[in-house]
2 protein chains.
Amino acid sequence: MKPTIMLQPGERLDDLMAEGLQIIQSDDVFCFSMDAVLLARFCSVPGRGEMLDLCTGNGVVPLLLTTRTKARIRGVEIQERLYEMATRNVALNGLSEQLEMIRGDLRDIHQTLGYGRFDAVTVNPPYLPVTTGEQNVNHHLAAARHEIYCTLEDVVAACSRLVRTGGKVAMVHRPSRLIDIVLLMRKYKLEPKRMRFVHPRVNEEANMVLIEASKDGKPELRMLPPLVVYSSGETYTDEIYRIYNGGNERDGGTQPG
Amino acid sequence: MKPTIMLQPGERLDDLMAEGLQIIQSDDVFCFSMDAVLLARFCSVPGRGEMLDLCTGNGVVPLLLTTRTKARIRGVEIQERLYEMATRNVALNGLSEQLEMIRGDLRDIHQTLGYGRFDAVTVNPPYLPVTTGEQNVNHHLAAARHEIYCTLEDVVAACSRLVRTGGKVAMVHRPSRLIDIVLLMRKYKLEPKRMRFVHPRVNEEANMVLIEASKDGKPELRMLPPLVVYSSGETYTDEIYRIYNGGNERDGGTQPG
């Protein structure tokens, strides 16, 4: 039996389409997008152990990860409003034994959480440097898009400090920044091992990249098959349907009819 | 009317399937593979000006480039046996006004050709470090696969020395080495701008990457649609048919029936 959770003005309750999970979001401060769902499906997960999600927002990635692993998962969010929403999302889904939300700054969170502690770290960081693109006047929405609280280098450095040797760091980002990402990963001893590009249609350029690195890993990259979102018009491909329906290692995925 | 060209023992004459071009090759020393054809189609070409192909082998890439550009094209090959074969391929196709083969070492060829001279440079280098994989006992074949005459860093450094500011460097390589490639490109002021992965089938990992960089370019990568080789079984996709049939900017490509 799930506890009663109060919604704040402007908030709504959405179905996460994975094992009955629900999520509070708000167009005014944060809604998850496909990026988060793909990241939560792409990343390697330990069966047990400890996982961490940085820039967690309303906690969507940790929530989805609970369908794939029994690991203890923490989410870190710097904005009070979103941290508070993420905390209610944990309670709403009755997941407080497995999930914990922490309000903190990824630039110094290792002082609380410890160096090299996590088996796997995920992050869906803001994509745009503060100097590019028009910034949303809504500060919450701007912070999700622009590197206001942390630069790409801050993010990569934090992942490297927090993950254990041999542990995994998975990130979703824009292909346009790929070269910077892999250079920073090398700089911080995170060796890219698996990469996957997301193309809206099979004959279109990629608009997202999923990348997983191993701390102190040996250089050898696997380039996975392209992940294509739409098969024709606005119809999702079978793979996207499977991902959105919570297909995972445990239940083998649900193939749409 | 084409001149009479002598074939040496073990050599054969193959059809390049592009505007009537023919090519001498030999299983004993060098045969071109799909990599070269894809590189010659992928790279940006200036309408006129000067192009250079490093590690040119029997000259397959420069030969194919003549169907796309009026630029003067030079090919550099270190092995005497292959240089000589490439020279006969130029004569065989009556292309000596546009194409010139040079025997030389890419590590010092700028002393002859000059710094920053070329509008575009292409290279299909050996893929394997000398320390990995079993080396072919045939020295010619080993040199095409393994970094015997030049390392990846030698290749990238040479491209950077030879291309002009704003000029293009296009390379085909294995995805497993992508991180090293882009790091070296950045080191030598070659900014990756276009990338394309080649997947045998749409649901398989990539086994080739095409990458084009701009000398002193601004960081901003475009990730092109995946290039898929087989549609089903051993049947090529329409795009591969078009490429093999010499489809190009000039004639718009020949679509197979």
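Residue numbers begin at 1 in each chain, while the letters A, B, ... track the order of the sequences.
For A:E239, no part lies under 4.5 angstrom from a heavy atom of chain B. Using a 4.5 Å cut-off between heavy atoms, A:M185 does not touch chain B at all. For A:E204, the part lying under 4.5 angstrom from a heavy atom of chain B is the backbone only.
Note on ring orientation: taking the six-membered ring where Trp is involved, the planes of B:Y236 and B:Y241 are perpendicular (angle over 60°, cut-offs 30° and 60°).
Using a cutoff of 4.0 Å between basic side-chain nitrogens and carboxylate oxygens, A:R186 and B:D180 are scored as salt-bridged.
Residue with the most contacts toward chain A among B:N207, B:L227, B:L183: B:L183 (heavy-atom pairs, distance under 4.5 Å).
Figure legend: A:R194 and A:F42 shown as a cation-pi pair, the cationic atom lying under 6.0 angstrom from the six-membered ring centre and within 45 degrees of its axis.
Formation of a donor-acceptor pair under 3.5 Å by the A:R107 side chain with backbone atoms of A:Y149 is found in this model.
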